[in-house]
Number of protein chains: 2
Amino acid sequence: MLQENINIKFIAEKANVSIATVSNVINSKGRVSVETALRVKEVIDSYQYSGNLAAKNLRTRKSYLFGVVVSLLQPEGRIKNNPFYWELVSGIESKAREKSFDIVLKGIESPEELTTFITQRNLDGLILVGAKSDSPVVAKVKELDLPIVFLDSYLDESAPFQVGIDDAFGGRVATEHLLSLGHQRIALITGDLEPDSVNGRRFRGYRSALQKNRSFDQNLIFESDTSAQGGFEATEKIITETNATAILSFSDVSALGVYKCLNEKGCKIPDDYSVVGFDGSYFSTFMTPTLATVKQDVGEKGEKAVDLLFLQIEDANRLKQQSRISLPVTFMVGSSTAPPRSTRR
Amino acid sequence: MLQENINIKFIAEKANVSIATVSNVINSKGRVSVETALRVKEVIDSYQYSGNLAAKNLRTRKSYLFGVVVSLLQPEGRIKNNPFYWELVSGIESKAREKSFDIVLKGIESPEELTTFITQRNLDGLILVGAKSDSPVVAKVKELDLPIVFLDSYLDESAPFQVGIDDAFGGRVATEHLLSLGHQRIALITGDLEPDSVNGRRFRGYRSALQKNRSFDQNLIFESDTSAQGGFEATEKIITETNATAILSFSDVSALGVYKCLNEKGCKIPDDYSVVGFDGSYFSTFMTPTLATVKQDVGEKGEKAVDLLFLQIEDANRLKQQSRISLPVTFMVGSSTAPPRSTRR
DNA sequence: CTGAAAGCGCTTACAG
DNA sequence: CTGAAAGCGCTTACAG
């Protein structure tokens, strides 16, 4: 007694109609009488029939699949450790699910792998995270006739759909907060500092605030890994090599290392050093003292990216329209900042 | 000049062979002469042809797709905040990629959604994370004739393929560490305490260690959210309602809240309270004082799960074989534990 | 309103 | 060693 495959033909037979009618019912084409439709639906329900997407895909060229690519070409560390990716992917998935799209998560090691991935799977859209403007992946992908959204990237107009946050503003507002407290020497801990990157923009904000105040100093900038360890090592240098009174870290994760190092060296936060982070991670309010930070909504970033994908799918004309979404950030006051020691009494 | 679709027919024409031969070359069936194979390969390369998986899938019933499902039926908070999921998914993805499988990440809200997902996409395998033994999803999924691996679940023999860690051992070793320091009253902060769950097993380890020592006390157990906030709230109660000298948290994330609360109340770690976490998160060594914790390798858990999937795919006979992989955990000494105050001088 | 037929791009017996 | 043909499960003109 072998289980017959439940496919459209099986349903058609049970409902005494043709497979074309079953298809019309499923896709609500409306060219079916109400009674027939009802009967077909009943059969579908009773057998829990749910169609074969591969066959549908083959016929319609739609896969209902979005690719989410986190380039492995980036420094390995960032991928494994950044606690944000899950939140991001979570936002993407839930938004995609609303419209019955699935997401396939893919790490790639070369541009060719990406195009192969896209064509093999007939992807309906692609979300690329943290692509660098000069990356061969970006060049390759822009040639494709496919809805794409770049996340946390700063690409030129040839990549019309991008979602990010106001990084420059975040960098500026964090710096201005420290300036307003009276800090003049604000050390910076940053990841990779390419100009057209998230860090690059945050840096611009930092620099412009300081330049307005004539206190920008190249020697206070420390490029390190975006990780707790990276923050720790940068802080060691800051303590010994500079006379900074405040530390701005372009990620909360690094700020963990800043705290650790300051604690080990017997430096008090905020008495000896004020500290400001970036991201507004779930743990920032649980650090002691509470970390002042620039908060962003990572989940929403993912959701917006999916919105832009659907925009491109639903209205092909918009393909030409520029649409860079820049989500706002908020400065979160914490107990990790105070006026510098010299100005206090 | 419209771009012709590059499909198997196109390649066949360019190479002057039939599509059957192209197919045989692609799939290395070996029934093709060396010269022909070479010529075909050249054409394939020059057009960067990469096949259509939907068509292949339709024909062969293989999708080269694994589903990774994090049940949304669990308390919402756990999904969004747990920093481990990314590490887990990262391990799954990289292992799957080695054998050219892609993974589709899916949140589900009902058992029906899951079966629909599986049949629609013709999944070749499924990884289910943190399923409860009495969950309808588990019941539904076990009926299916599909390679499945349960992660961090404690199901009976009817679910032969499971991957987890030695939770009971972890709970025991953490407790014994505190006992050996002289602590008698060890408060416990745990998430959901179902018997057949990760927390349930860790609890068994905790309880058995304490019972052996005749110091198990039901009043020292605090069930709360697996989150920093949950840890914070539980600690407030521990301080005011108990005379505990040590706190064991079944997650490092909660331990963040423990630290926060103790700091706020002016309690010193480890002088007033010893603290032990669980998981060995990237941030545990960056807490001050360094958190003693039970370390697990989340990425490896994901990789092992994929291994078990391939085991089932490659050898259908093993479908009956029991194979629960329990990965080891290591106790990581930290600066967060010390003998209780009363025993010190 | 309904159904027969073609075709999406593959693989796989089968014949030669 | 090679190719013609059938068929996987759908959708979509098209005819009736």
Side-chain angles (χ1 to χ4, degrees), chain A residues 2-41 43-44 47-65 100 116 118-124, chain B residues 2-41 43-44 47-65 100 116 118-124:
Chain A
L2 73 173
Q3 162 84 21
E4 203 169 342
N5 271 331
I6 298 183
N7 52 29
I8 198 171
K9 197 174 154 209
F10 177 90
I11 298 297
E13 281 165 10
K14 294 291 177 190
N16 258 314
V17 293
S18 73
I19 61 167
T21 297
V22 175
S23 176
N24 283 328
V25 170
I26 291 169
N27 299 299
S28 330
K29 293 288 182 187
R31 12 185 194 218
V32 186
S33 76
V34 183
E35 308 89 70
T36 311
L38 241 44
R39 195 172 71 246
V40 172
K41 272 179 192 156
V43 177
I44 288 176
Y47 288 98
Q48 299 198 50
Y49 168 69
S50 58
N52 179 327
L53 282 180
K56 185 172 191 157
N57 178 0
L58 187 56
R59 190 55 230 257
T60 63
R61 259 85 241 291
K62 284 202 68 173
S63 61
Y64 300 92
L65 228 41
S100 302
T116 298
I118 292 167
T119 56
Q120 279 193 331
R121 292 280 179 207
N122 288 122
L123 295 187
D124 289 339
Chain B
L2 75 172
Q3 162 83 21
E4 204 169 340
N5 271 331
I6 298 182
N7 52 28
I8 199 170
K9 197 173 153 210
F10 176 92
I11 298 296
E13 281 165 10
K14 294 290 178 190
N16 258 313
V17 293
S18 72
I19 61 166
T21 297
V22 175
S23 177
N24 283 329
V25 171
I26 291 169
N27 299 299
S28 331
K29 293 289 181 185
R31 14 186 191 216
V32 186
S33 76
V34 183
E35 308 90 70
T36 311
L38 242 45
R39 195 171 72 245
V40 171
K41 271 179 192 156
V43 176
I44 287 175
Y47 288 98
Q48 298 198 50
Y49 167 69
S50 58
N52 180 328
L53 282 179
K56 185 171 190 155
N57 179 359
L58 187 56
R59 191 54 229 259
T60 63
R61 259 87 239 292
K62 285 202 67 173
S63 62
Y64 299 92
L65 229 40
S100 302
T116 299
I118 292 167
T119 55
Q120 280 194 330
R121 292 278 179 207
N122 289 122
L123 295 187
D124 289 339

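Both backbone and side-chain heavy atoms feed into the values below; hydrogens, waters and symmetry mates do not. Lettering of chains follows the sequences in order, A, B, ..., and the numbering in each one begins at 1.
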Please list, pair by pair, any protein nitrogen or oxygen found under 3.5 Å from a nitrogen or oxygen in nucleotides 12-16 of chain C.
from	atom 1	to	atom 2	distance (Å)
C:dT12	OP2	B:Lys29	NZ	3.4
C:dT12	O4'	B:Arg59	NH2	3.3

**Report entry** A:Lys9 NZ - C:dA4 P separation (whole Å)
**Finding:** 12 Å
Query raised in the report: Would you say A:Gln48 and B:Thr119 make side-chain contact, with heavy atoms under 4.5 Å?
Result: no
Report summary line: Assign each of B:Asn16 and B:Ala55 the nucleotide of DNA chain D bearing its closest heavy atom; nearer the 5' end lies the nucleotide of B:Asn16
**Report entry** A:Lys62 NZ - D:dC10 P separation (whole Å)
**Finding:** 17 Å
Query raised in the report: Taking side chain as C-beta onward, heavy atoms only, is B:Tyr64 less than 4.5 Å from B:Asn57?
Result: no
Query - Residues forming a side chain to side chain donor-acceptor pair (under 3.5 Å) with B:Thr116, sequence neighbours excluded - result: none
Requested in this report: Measure the distance from CG on B:Leu58 to P on D:dA6 and round it to the nearest whole Å.
Outcome: 17 Å
Query raised in the report: If you measure from CZ on B:Arg39 to OG on B:Ser33, what distance do you get to the nearest 0.5 Å?
Result: 7.5 Å
Report task. Would you tell me if any nitrogen or oxygen in the side chain of B:Thr21 comes within less than 4.0 Å of OP1 or OP2 on D:dG3? Result -> yes
Report task. Among C:dG3, D:dG3, C:dT2, find the nucleotide with the atom closest to the side chain of A:Ser18. Result -> C:dG3
**Report entry** A:Asn27 (side chain) donor-acceptor with A:Ser23 (main chain) under 3.5 angstrom
**Finding:** yes
Query raised in the report: Any idea which of D:dC1, C:dC10, D:dC10 is nearest the B:Asn7 side chain?
Result: C:dC10
Query raised in the report: What integer distance in Å separates A:Gln120:CD from C:dG9:P?
Result: 15 Å
**Report entry** Heavy-atom side-chain contact between A:Asn122 and A:Leu65 under 4.5 Å
**Finding:** no
Report summary line: For DNA chain D, the expected dot-bracket line (Watson-Crick or G-U under 3.5 Å, [ ] crossing, | inter-strand) is |||.||||||||.|||
Requested in this report: May I have the distance from A:Phe10 (atom CZ) to D:dC10 (atom P), rounded to whole angstrom?
Outcome: 12 Å
Query raised in the report: Whole-Å distance between C:dC8 P and B:Ile6 CD1?
Result: 16 Å
**Report entry** Closest non-hydrogen atom pair between B:Val43 and B:Ala15, with its separation
**Finding:** CG2-CB, 3.8 Å
Requested in this report: Please determine if a side-chain N or O atom of B:Tyr49 lies less than 4.0 Å away from the OP1 or OP2 oxygen of C:dG9.
Outcome: no
Query raised in the report: Can you check the B:Glu13 CD to C:dG9 C1' distance for me, whole Å?
Result: 13 Å
Report summary line: Separation between CG (B:Asp124) and CD1 (B:Ile118), nearest 0.5 Å, reads 11.5 Å
Query raised in the report: DNA chain D: B:Val32 or B:Arg61, which has the more 5' nearest nucleotide?
Result: B:Val32
Query - Between P of C:dC10 and CG of B:Asn122, the distance in whole Å - result: 17 Å
Query raised in the report: Do B:Asn7 side-chain atoms and B:Lys9 backbone N/O form a donor-acceptor pair below 3.5 Å?
Result: yes
